[in-house]
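The next block holds one structure in the form of C-alpha cells; read it before the comments.
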Amino acid sequence: MKIQTLSLTLLLIIFWLLNSGLFKPLIFILGAFSVVLVLFISSRMKVIDEESQPLHLTKNIPAYYAWLLKELVMSNIKVVSTIWQGHLQLQPALTTIKMDHLSDMGKVIYANSISLTPGTVTTDVTENSITVHALDKSSITDIQSGAMEARVRKLDN
Amino acid sequence: MFTAAAIAVLVAMALALVRAYAGPTLYDRILAVNVFGTKTVLLIAIVGFLTGRPEFLDIVMVYALMNFITVIGILRFFEYSVSHASANSETIKEQ
Amino acid sequence: MEFLGLFNYWVVVVLMMIGFYIVICSNNLIKKLIGLTIFQTSVFIMYISMGKIEGGTAPILAEGVTLYSNPLTHVLILTAIVVGIATTALGLAIVVRIKESYGTVEEDEIHAKDKKA
Amino acid sequence: MSMVTTYLSWALLVLGGFLCVSGSVGLLRFPDFFTRMHAASVTDTLATGMILVGLMLQAPTWIVFGKLVMILVFVLLTSPTAGHALAKAALHSGLKPLLPGKGGKIDADPRPSAGGV
Amino acid sequence: MESFIHIIILSMLVTTAAAIVRVKDLFAVTMLAGIYGLLSASFFVLMDAHDVAFTEAAVGAGISTLLILTTLSMTGRFEKAAENPKSNYKPALALTLVTVTGALLIYGTQDMPAFGAADAPVQTHVVPRYLNDSATEIDIPNVVASVLASYRGYDTFGEVVVIFTAGIGVLALIMSTVSTAPVALRASMEEHVILRIVSKMLIPLILIFGLYVQFHGEYGPGGGFQAGVIFASAFFLYAMLFGLTAARKVVNSNWVQALAALGVLLYGSVGVLAMINGGNFLDYNFLAQDDVHGQHMGILFVELGVGITVASVMIIIFFTFSTHQQRDGEPD
C-alpha cells in the first residue's frame with residue numbers, strides 16, 4: 001500500500017467524521033463502505049499520487065501560510081484603497097517573469113499564492129517562467145524580488 | 001451584526017448582477033457569475049446564523065463546489081466552441 | 001409587515017409571466033427552454049412560499065423547537081427540481097436533433113423549411 | 001462566549017462586509033476584464049475569510065466550526081484556481097489587457113474594454 | 001429582518017428574469033440563468049426549505065448551466081431577430097396576452113392566505129400529522145426525508161422512474177457511436193498544471209461528500225437526489241479535465257446504464273419485499289421485526305436507489321451530450 005493511499009484514507013475518514021458528527025454503528029458501517037468505495041474509484045481514476053497528496057509539504061506549510069496571510073492583508077489594503085480612489089489612475093502590467101525549475105506542485109503553490117494575493121493574477125505557467133497580470137506595476141517588482149519564490153522553493157524541498 | 005454583513009453581501013450581489021448584465025465581454029460575465037457564487041456562499045452561511053439554525057452548512061459546501069465546477073465547465077465548453085464551432089458564421093464581436 | 005402579505009405571490013406571477021413571454025415570443029428554441037425554466041422556478045417559489053410559516057424553522061426536528069415550516073411542499077418541489085433538470089436535458093437533446101435535421105434552431109426558419117418540404 | 005470573541009467576530013463581519021462591497025464596486029468601476037479580476041479576488045480571499053472566521057467565532061458546536069473551516073479551505077483552494085483558469089482562457093482567446101502607453105498612466109474611466117470576444 | 005432580505009432577493013430575481021428577456025447573446029442568457037438559479041436557491045434557504053435549496057444549488061446553478069452551454073456550443077451563440085414580418089414573432093400581441101394573464105393572476109392572488117400564516121389550508125391538512133407522528137412512527141429528525149421516502153414513497157418512486165426515462169430518452173435521441181475513433185484528449189486542459197493538481201486533490205473529497213450527503217439525509221438536509229447530483233459532478237470534473245476517453249475508461253457506459261436501471265429496481269424491490277412480507281407495496285413496517293426499524297431500513301435502501309439512479313442518469317446525460325459535442329465539433 002502506498003503511503004499516499006494511507007494518507008488519503010485518513011483524510012477521508014477525518015472528512016467523514018467532521019461532517020457527520022454522529023457516532024452510531026450504522027453510520028460507521030456506511031462510512032467505512034463509503035471510504036472504501038471512494039478509494040476504489042480514486043484509484044481507478046489514478047488520482048492518488050504525490051500530486052494530490054503532497055505529504056512532503058506538510059511540515060513547512062503552516063509557516064508559509066502565516067507569511068502569506070500577512071502578504072494578503074497588505075495587498076488587500078492596497079487594492080481596496082485603489083478601488084475607492086476618486087479618479088482611477090491605474091498602471092496595469094502584464095509581464096513574464098523568469099524562474100528556475102520548480103516541481104509541478106511548487107508551481108501550483110507559487111501560482112496560486114500569486115493569484116490569491118489581490119492585485120496580481122497568474123495567467124500562465126510554463127517550465128521556467130510565469131506570466132503575471134498586475135493591477136499596479138509595483139506588484140510586479142515585488143514578485144521579481146523573489147521573496148515569494150524563495151519561500152515556495154524552501155517548501156518544495 | 002449578522003444583518004449588517006448580510007446586507008453588505010446583498011449589495012455586493014446586486015453590483016455583480018449589474019456586471020453580469022452589462023458584460024461587455026464574455027469573460028466579464030463568467031467572472032460576475034463566479035463572484036456571485038462566492039457571495040451566495042457567504043449569504044447562506046450568514047443566513048444560517050441569522051435564523052438561529054446554523055447546523056445546515058452542507059448547502060454552503062455544495063455552493064462552493066458547484067461554483068468551481070461551473071466555472072471550469074464554462075471555460076472548457078467555451079474554449080471548445082471557439083476552436084470548433086466557428087462554422088457558425090456569427091462574428092464573435094459583441095453587439 | 002402587512003404589505004408583505006401577498007408580495008411573494010405577486011413576484012411569482014411576474015416571474016411566471018416573464019417566463020411565459022420568453023416562451024411565446026422568442027424565436028430561438030434554447031431561449032424558449034430557458035423561459036420554461038424561469039416559469040418552472042416561479043412555481044417552485046410559489047410552493048415554497050406557501051409552505052413557510054412566520055417564525056417557523058426548517059422541518060428538521062430538534063429539541064426546543066416547536067414551530068416548523070411545511071415539509072410537504074418541500075418534498076414536492078425537491079423532486080420536481082430533479083425531474084425538471086431531467087426533462088430540460090431531454091428538451092435540449094431534442095433541440096440538438098432539430099439543429100442536425102434542420103440546420104437551425106430558430107423557430108421561423110424551421111417553419112419555413114417545413115413549408116418548403 | 002466571552003465578550004472579546006463576540007466583539008472580534010462583529011468586527012470581522014463588518015470589515016468583511018465592507019471588503020465585499022469594495023470588491024464589487026471595483027468590479028463595476030475598473031476599466032477592463034483583467035483589472036476587474038483583481039477587484040473580484042479581493043472579495044474572494046480576505047472578505048470570505050473574514051466573514052467565515054467571524055462566523056466561526058460564534059459557532060455553537062464543533063461540527064459547525066469544522067464545517068466552516070472546511071468551507072474556508074475549499075474556497076481558498078478553488079477561487080485562485082478558477083481565477084487563474086479564467087485569466088488564462090481570456091488571454092489565450094485573444095482578449096488584450098488594457099495596458100498603459102510608454103511610461104504613462106491610463107485614465108481609467110469605466111468604458112467598454114478593448115478587444116473582441 | 002429576514003423578510004427584508006427576502007424582498008431584496010425576490011427583486012433581484014425579477015431583475016434577472018427581465019434581463020434575460022432583453023439580452024440576445026445566448027451565452028449571457030445562460031450566465032444570467034445561472035445567477036437566477038443561485039438567487040432562487042438563496043430564497044429557498046430563507047424560506048427554511050434547506051433540502052430544496054440543496055437540490056437547486058446543485059442542479060439549477062450547476063448542471064443545467066453546463067448542459068445549456070454544451071448545447072449552445074453545438075447550435076450557435078446568438079439569437080437571431082426574426083426577419084420575416086409574417087412570422088409567429090409578434091411581441092405586441094404576446095405582451096398584451098402576458099399582461100392580461102398576469103393581471104388576472106394577480107387579481108386571483110387576493111384570495112390567497114397571507115404569506116406565513118399558520119392557519120392557511122396548506123398547513124392544516126396532512127402536515128400536522130407528518131410533523132407530530134414522524135418522530136414516533138419513523139424516528140428520524142428530517143421530516144422532509146420521512147415524507148419523501150416513506151409517507152409519499154409512491155410519488156418518489158414515480159419521480160425516479162421519470163428521471164430514468166428522461167435518461168433513456170436522451171440516450172435514444174442523441175446516442176453517439178462510441179466505437180468511432182475517440183477524439184484526442186483536449187490538450188489545453190491537460191497542460192493546465194494548476195487545474196489538474198487542484199482537481200486531483202478535490203475529486204476524492206467530492207466523492208466522499210456525495211456519499212456523506214447520501215447517508216445523512218435522515219438527519220439533516222440531503223438524501224438521494226442531492227447526493228446523486230454531487231456524486232456525478234465529481235465525474236463531470238474528471239471528464240472535463242482528463243477528457244471523455246479517460247472518463248469512459250473509469251466508468252464504463254454499459255455499467256452506468258445498468259446502474260441507472262438497478263437504482264429503480266432497488267426502489268421497486270424494497271416495495272415488493274414489503275408485499276412478500278404481507279404488507280402493502282412500499283409499506284416499510286413489514287421489512288423488519290419492529291416498525292421503526294423497518295422504516296429505517298426501507299428509507300435507507302430507497303434513498304440509495306434514488307441516489308444510484310440520479311447519479312447514473314446525470315452521468316449518462318452529461319457524457320452523451322459531451323460525446324455528441326465532440327463528434328459534432330470534428331471538422332467534416
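Lettering follows sequence order; numbering is per chain, from 1.
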List the steps and the verdict of side-chain contact (heavy atoms from CB on, under 4.5 Å) for E/Phe321 and C/Val96. CA-CA 9 Å; E/Phe321 269 90; C/Val96 169; 4.2 Å; yes
Nearest non-hydrogen partners of E/Gly102 and C/Val13, listed with the distance: O-CG1, 3.5 Å
What part of E/Pro113 gets closer than 4.5 Å to chain C, counting heavy atoms only: side chain, backbone, both or neither? backbone
For chain E, which of C/Met50, C/Glu54, C/Met17 has the most heavy-atom pairs under 4.5 Å? C/Met17
Measure across E/Ala33 and C/Ile34 and return the closest heavy-atom pair with its distance rounded to 0.1 Å. CB-CG2, 4.2 Å
Does the E/Gln123 side chain pair with the main chain of C/Ser69, one donor and one acceptor, at a distance under 3.5 Å? no
Taking every non-hydrogen pair under 4.5 Å, which of C/Val12, C/Leu33, C/Val95, C/Ile53 racks up the most with chain E? C/Ile53
Per-residue contact mode, C/Leu90 against chain E (heavy atom under 4.5 angstrom): both
Go through the atoms of C/Ile81 and report whether side chain, backbone, both or neither lie under 4.5 Å from a heavy atom of chain E. both
Any idea which of E/Val162, E/Thr101, E/Thr165 has the most non-hydrogen atom pairs under 4.5 angstrom with chain C? E/Thr101
Among all residues two or more places apart in sequence or in another chain, which pass the ring pair (Phe, Tyr, Trp, His ring centres under 6.0 Å) test with E/Phe43? E/His6
Look up atom CG in C/Leu78 and atom CZ in E/Phe225, then write down how far apart they are to the nearest 0.5 Å. 6.5 Å
Region of E/Ser40 in contact with chain C, defined by heavy-atom distances below 4.5 Å: side chain
Residue selection (most heavy-atom pairs with chain C, distance under 4.5 Å) from E/Val313, E/Asp155, E/Ile63, E/Ile20: E/Ile20
Nearest 0.5 Å please: distance from the CD1 atom of C/Ile60 over to the CG atom of E/Asn142. 4.0 Å
d(C/Leu15 CG, E/Thr16 OG1) to nearest 0.5 Å is 9.0 Å
Quick one: what part of C/Ile30 sits under 4.5 Å from any heavy atom of chain E, side chain, backbone, both or neither? side chain
Worked check of side-chain contact (heavy atoms from CB on, under 4.5 Å) between E/Leu67 and C/Thr88: CA-CA 9 Å; E/Leu67 285 179; C/Thr88 306; over 6 Å; no
When rounded to the nearest 0.5 angstrom, what is the spacing between CD in E/Glu56 and CD1 in C/Ile45? 8.5 Å
Structural part of C/Leu67 lying under 4.5 Å from a heavy atom of chain E: neither
Taking every non-hydrogen atom, the tightest pair across C/Ile18 and E/Ala17: CG2-O, 3.7 Å
Tell me whether the count of non-hydrogen atoms from other residues, nucleotides or ligands lying under 6.0 Å of OH in E/Tyr151 goes above 12. yes
Just give me the residue among E/Leu93, E/Ile140, E/Val127, E/Val147 that pairs up with chain C most often, heavy atom to heavy atom, under 4.5 Å. E/Val127
Just so I understand: if I count every heavy-atom pair under 4.5 Å between each of C/Gly19, C/Gly51, C/Pro71, C/Gly35 and chain E, which residue has the most? C/Pro71
Given that the side chain runs from C-beta out, which part of E/Gln110 has a heavy atom under 4.5 Å from chain C: side chain, backbone, both or neither? both
Check whether C/Val14 gets within reach of chain E through its side chain, its backbone, both or neither, counting any heavy atom under 4.5 Å. side chain
Given that the side chain runs from C-beta out, which part of E/Leu46 has a heavy atom under 4.5 Å from chain C: side chain, backbone, both or neither? backbone
Scanning both residues in full, the closest heavy-atom pair of E/Ala135 with C/Leu61 reads CB-CD1, 3.8 Å
Report yes if the side chains of E/Met112 and C/Leu6 come closer than 4.5 Å at any heavy-atom pair, otherwise no. yes
Between the CD1 atom in C/Ile77 and the OG1 atom in E/Thr55, the distance rounded to the nearest 0.5 Å is 10.5 Å
Tightest non-hydrogen contact, residues E/Val23 and C/Lys31, listed as O-NZ, 2.8 Å
Short side-chain to backbone donor-acceptor contact, C/Asn70 and E/Val122, under 3.5 Å: yes
Is there a side-chain contact (heavy atoms from CB on, under 4.5 Å) between C/Tyr68 and E/Val143 once you walk through the steps? CA-CA 10 Å; C/Tyr68 298 99; E/Val143 185; over 6 Å; no
So which of E/Val45, E/Val306, E/Val21, E/Ile317 has the largest heavy-atom pair count under 4.5 angstrom toward chain C? E/Val21
Can you say whether C/Ile22 sits under 4.5 Å from chain E via the side chain, the backbone, both, or neither, judging by heavy atoms? side chain
Find the distance between OG1 (E/Thr75) and NZ (C/Lys99) and round it off to the nearest 0.5 Å. 6.5 Å
Testing the basics here: between E/Asp48 and C/His74, what is the closest heavy-atom pair and its distance to 0.1 Å? O-CE1, 3.5 Å
Pair E/His125-C/Leu72, side-chain contact (heavy atoms from CB on, under 4.5 Å): steps then yes or no: CA-CA 11 Å; E/His125 286 286; C/Leu72 185 59; over 6 Å; no
Counting heavy-atom pairs under 4.5 Å to chain E, which of C/Thr41, C/Ile38, C/Leu29 comes out on top? C/Ile38
For C/Ser49, is it the side chain, the backbone, both or neither that has a heavy atom under 4.5 Å from a heavy atom of chain E? both
